[in-house]
Structures are given as structure tokens and as C-alpha cells.
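The next block holds one structure in the form of C-alpha cells; read it before the comments.
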Amino acid sequence: MIPDISRGNSIRPLLAYLYGPGRREEHDDPHLVAAWDVHGAPDPGRAPDATIRRLAARLDQHARLRAAELGTTPPNRVWHCAVRAAPEDPILDDAQWAEVARRIVRATGIAPENGPACRWVAVRHAVHHIHLAAVTVRPDGSRPLTQRDAARAQAECRAIEAEWALRPVGTGPRVTTSYPTSAEIIKAERHGWSEPSRVWLQQQMHLALSEAADLDTYFAALAERGVLVRVRRDEDNTAVGYSLARPGDVGAGGKAVHFAAGRLDSAMTLPRVLHHLSEKKPAEGIRS
């Protein structure tokens, strides 16, 4: 489970995206799973008389009052945190996602257990993730202390993983599979992909390795699956590393977005792939 935090200046466009159909009609049943006050937060996804305008106004109420006092709107007042579960995790229900949301806003200082809290909501429009949206102005006009909020959100997610037996995101050498960011999730939704490029590439790596007999057939199996492979070689033309990209996933300048294999999954670095292949056929020398 991984959180990804960003900030902005307007709550209404964010809510419009969260409750909207998605760029390719990929959002499924957008609805509220938790909020600062479930009775005070209208849910445009489920309540017939609720609107995004009303929900945005409720969330932004303290910021507007502060702006009336100061003559200017508090900057960077919108706090957004997407929280995504691993693809292989069991599907969490709304009550479980609500608990995740409450724990994260508590851990990050958006809504601490004791003391004044910001207004926030948690919206779910897919089975695998939720979005937290908050306005970081408290009832007295003060701002919360959100220094290191990303690290605190990560720590809370690690605790949830351990308690709920979810796939851990490790920082040590044994478990370092990377997870997609919110930007990657949104890009996948925009392209109509069932999973972000990072997840798709991880799947193709493992499938290709299961079919391969040596390094050449491993790279060939990746290519057959549509993966764009870029091999880094030394002066002797020996492979020393590789990166992968998904067709159609382009970045600035229209260039394919490549991910280093080890950054996708530490078990799939070139030395570890070679080791695995050597264990499959120990009698064969493996060299690119």
C-alpha cells in the first residue's frame, strides 16, 4: 500500500475529477467512504441532492472565512493523497478503506486525534485505491503542521500492511518492488490501461523469466510481449544492465518512459536474472 501526496490551490477541480467518469469512462461508482463529518459532507456520488459545488463549499468554508479576514486566500490549501493497494492484495471494502483514510489523516496531522482538525473527505472510484482531499485551514484559521507528512503517511501504510497481512513495500534488500505514483495511475486511466505501466512491466518481467532458458531468450520473451527493452553494455559488449518501457507510454519530447529493471523490482536486476537462469540450467554458461 502506497500513498502519494500533492498540493494545490482549488478543491473544486480535484473533486470534479474524483467524482467524474474519468477521461476514458474508467471511474466506477465514485462515492464517499469517509469524511471529517459524514453527516456534514454531501456525497455527490450517492446522494441525489448533493453536488460537487456544495461539497467543495463545505470543505473550503474555513479557508473562505480566513480569506475574508486577511483579504487573501491561504495558499496551497488543498491537500491530496492517493492511496493504492498492491494488485495482488485482497479487495478492501468501503469500511476498510474508511479506516485507512482516518489513520492517514490522523498520522499526517490533517485531522489529529486531539486538537483542531481540517475538513477532509475520502473518495473511492476504483476497487484498488482511494483519494483523500482536504483543505488545510482549521476552524480557528490556523494551518496544520504537515512537515514530513509523506514520511508519516508511508509509516502508517507500513503499519496497516503488517496488521492486515497486505503485501509490504520494503526498504531493505529483500522486498523492494516499486509501486505506481498517482500520476502513473491517472495516466493509465487516461489511456484506458487496466494497470499502470510500472505494474504491467513487473508482470511481463516475471512471465518472461519463467519462459526463458538464457539471457537472450529472456530479452526475446520480453520483446514478444510488447516490452521495449534497452540493454546497457560494457566495452566488451557484455550486458551490464537493462531498462524497460511500455509501448505508448511517453514522456517529455515524445520519448518512451523507461524504467530501470532494479527500480521496478530488486529481484529482477541483471545479476539476479542471470543467477536465476543459471539455477534453471546450471550446466549452461550464460552470457549475452
Output the distance between atom [atom1] ([X]) and atom [atom2] ([Y]), rounded to the nearest 0.5 Å.
X      : Y      : atom1 : atom2 : value
His191 : Asp249 : NE2   : CG    : 6.5 Å
His80  : Leu15  : NE2   : CG    : 10.0 Å
Leu264 : Leu201 : CG    : CG    : 6.0 Å
Leu244 : Leu228 : CG    : CG    : 9.0 Å

Worksheet entry | Connected-component partners of Ile91 among ILVMFWY, side-chain separation under 4.5 Å |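 Under the 4.5 Å side-chain rule, Ile91 groups with Val127.
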So, [X] side chain and [Y] main chain: donor-acceptor pair closer than 3.5 Å or not?
X      : Y      : answer
Arg158 : Gln154 : yes
Arg106 : Glu113 : no
Arg84  : Asp4   : no
Arg272 : Ser266 : yes
Asp234 : Thr238 : yes
Thr51  : Arg54  : yes

Where is the tightest heavy-atom contact between [X] and [Y], given as atom of each residue plus distance?
X      : Y      : value
Ala41  : Val121 : CB-CG1, 4.4 Å
Pro42  : Leu55  : O-CD1, 3.5 Å
Val257 : Gly251 : CG2-N, 3.4 Å

Item to complete: Could you pull out all residues at least two apart from Tyr242 that satisfy ring pair (Phe, Tyr, Trp, His ring centres under 6.0 Å)?
Response: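 Here the qualifying residues are Tyr218, Phe219.
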Fill in: Any residue meeting salt bridge (charged side-chain N to carboxylate O under 4.0 Å, His left out) with Arg58, in chain and number order, not counting sequence neighbours
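Here no residue qualifies.
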Check [Y] with [X], please: is the shortest side-chain N to carboxylate O separation under 4.0 Å?
X      : Y      : answer
Glu184 : Lys187 : no
Asp93  : Arg124 : no
Arg103 : Glu163 : yes
Asp37  : Arg119 : no
Glu211 : Arg225 : yes

Fill in: ring-ring contact (aromatic ring centres under 6.0 Å, His included) assessment of His27 paired with Tyr19
CA-CA 8 Å; His27 291 176; Tyr19 276 101; 9.8 Å; no
Discussion item. Do Arg102 and Trp120 form a cation-pi contact, if we require the NZ or CZ to be under 6.0 Å from the six-membered ring centre and within 45 degrees of the ring's axis?
Written reply: no
Discussion item. Can you confirm whether His206 sits close enough to Leu209 that some side-chain heavy atom of one is under 4.5 Å from a side-chain heavy atom of the other?
Written reply: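 No; the side chains remain at least 4.5 Å from each other.
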Worksheet item: Can His125 and His31 be said to form a ring-ring contact (aromatic ring centres under 6.0 Å, His included), step by step?
Response: CA-CA 7 Å; His125 59 206; His31 61 281; 9.7 Å; no
